[in-house]
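See structure below.
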Number of protein chains: 2
Amino acid sequence: MERPDAPPDVVIRRLPLYARSLRYLLEEGVHSVSSQELGERINVTAAQIRKDLSYFGEFGKQGIGYDVEKLLNHIDHILGLTHHWPLVVVGVGSLGQAIARYDGFQTQGLRIVGLFDSDPDKIGQMVDDLTIMDYSRLHAVISEHQARLAVIAVPATRAQEVADMLIEAGIRAILNYAPIILQTPDDVWVRYIDPVAVMHSLTYYLAREQGGAEVKRR
Amino acid sequence: MERPDAPPDVVIRRLPLYARSLRYLLEEGVHSVSSQELGERINVTAAQIRKDLSYFGEFGKQGIGYDVEKLLNHIDHILGLTHHWPLVVVGVGSLGQAIARYDGFQTQGLRIVGLFDSDPDKIGQMVDDLTIMDYSRLHAVISEHQARLAVIAVPATRAQEVADMLIEAGIRAILNYAPIILQTPDDVWVRYIDPVAVMHSLTYYLAREQGGAEVKRR
DNA sequence: GGGATTTTGTGAATTATAGCACAAGGTTTC
DNA sequence: GAAACCTTGTGCTATAATTCACAAAATCCC
């Protein structure tokens, strides 16, 4: 009875796409956009955009559409992107380095406050302006910055123990690049990025193609 | 009427996870597994696993479960992973390099046959045993290897034109890391990996938490 | 060998998600 | 200022995905 109708997670996962598209529109100098136009840009139906937004309020004007800047501000508020979220990255192989170097991670509401690795040779090295630290410093850094977000970019064999450490240290949401499903308490959010699995789902369709009539989409 | 009941895409996207878990089980020397046990490993219900597999045949034994090796072979066959898929990567920044260096890409049914970038300074450089090539060679390389899979790891501003080139050259499935939705013909498959968007969907839940009773999962 | 136990495969029921379609409200045009 | 036109927000309907629950095998154990 507290929350009569919490927005489903599918909706939450689409909001960042709306926000991004609105940012591009803003850069292009577009001031107003209809659900139709926005939908065409991101391959989503107009009705779905309107339905999604309706979970959070009424942001549009009939006959006009949405004010790009206002809607973007609303979505940023909904997503909690009005301030920066401190974040730690564990595993500084080539993937971890790519993450640490990626602009989009450092801007857009996220701020990497710690880079960790278990390899003694890497400890002390710098990636841009961040020093790679030993796991022994995990707890201190996470506490100090009140970080609740983490990225795991270690090999699959190490991912579960790293996750356990992170959660112990106060992390509440994890983006896991290791190809393994993590076992975590119910109050910890985990999302996965698994390019090989994605590729394998694509080979399924390619294997079946060979010049037949297609169905597809999504 | 040709295909009375094609398996939905959600099912196809889960198959690689089943396959991976089975590979781990095989390494551990486990010969037989029930849908229950498999499900617990990857946080999927037993019923869902059985339903998913039933789209493709009957692979289990009542009272026993599944033979790990046999089921793995079946799934690999379904996904077309009985041979290697040639693949090109466009964009050799730190992300593109991480992809090129990542073992899981080079093994597991995928083989990178071309690395491309538009930066003249990078052309000719090597990443492991692969030479970075100019876009002018895209068509030739894709034709030569009959590649139908590609990874896009260029900046968002360049992604659409790269996609157009790739499709023109014969690519039929794209994994896009650029933070932009691609416009492509209906017979081209596109999947997205967008870590910042994922992070932003997590901040939503963290922003709402602050010591209240949780609901979550998924 | 037969009773207890396990586990599959699958129709049926349930739940979740997406799309339709339209009243309501706002704008534009002349 | 009124007719024509847009576009939102949403109740309702349709479709999709998941879970339930159980008959039908297969095994195990005395």
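In the text below, chain A, chain B and the rest are named by the order of the sequence lines, each starting its count at 1. No hydrogens, no waters, no symmetry mates; every other heavy atom, side chains included, goes into these values.
Distance, B:Lys51 NZ to D:dA16 P: 15 Å, rounded to whole Å. If you measure from atom NZ of A:Lys61 to atom C1' of D:dC5, you get 18 Å, rounded to the nearest angstrom. Residue A:Glu37 contributes atom CD, which lies 7 Å from atom P of D:dT7 at whole-angstrom precision. To the nearest angstrom, C1' of D:dT18 lies 16 Å from CG of A:Asp9. Protein atom NZ of A:Lys70 is 15 Å distant from nucleotide atom C1' of D:dT8, rounded to whole Å. Separating the CD atom of B:Gln62 from the P atom of D:dC28 is a distance of 15 Å, rounded to the nearest angstrom. Here the P atom of nucleotide C:dT8 and the CG atom of B:Leu53 are 10 Å apart, to the nearest Å. Atom-to-atom, CG of B:Leu71 to C1' of C:dT8 comes out at 13 Å; the value is rounded to the nearest Å.
When the nearest nucleotides of DNA chain C are assigned to A:Asp52 and B:Phe59 by heavy-atom distance, the more 5′-ward of the two goes with B:Phe59. The residue among B:Gly63 and A:Ser35 whose nearest nucleotide of DNA chain D lies closer to the 5′ end is A:Ser35.
The side chain of B:Arg14 approaches D:dT18 more closely than any other nucleotide in the set C:dG9, C:dT17, D:dT18. When distances are taken from the side chain of B:Arg50 to each of D:dG9, D:dC22, D:dA17, the shortest belongs to D:dC22. Considering only the side chain of B:Val10, D:dT18 comes nearest among C:dT17, D:dT18, D:dT10. Checking C:dT17, D:dT18, C:dG9 against the side-chain heavy atoms of B:Tyr66 singles out C:dG9 as nearest.
At a cut-off of 3.5 Å, with distance as the only test, no side-chain donor of B:Tyr135 or B:Asp117 sits close to an acceptor on the other residue. Checked by atom type, the side-chain pair A:Asp52/A:Tyr18 shows a donor-acceptor distance below 3.5 Å.
Interatomic distance, CD1 of A:Ile171 versus CG of B:Leu206, reported as 9.0 Å (0.5 Å rounding). Rounding to the nearest 0.5 Å gives a distance of 13.5 Å between CD of B:Gln36 and CZ of B:Arg41.
Here the side chain of A:Gln160 pairs a donor or acceptor atom with the backbone of A:Gln183 at under 3.5 angstrom.
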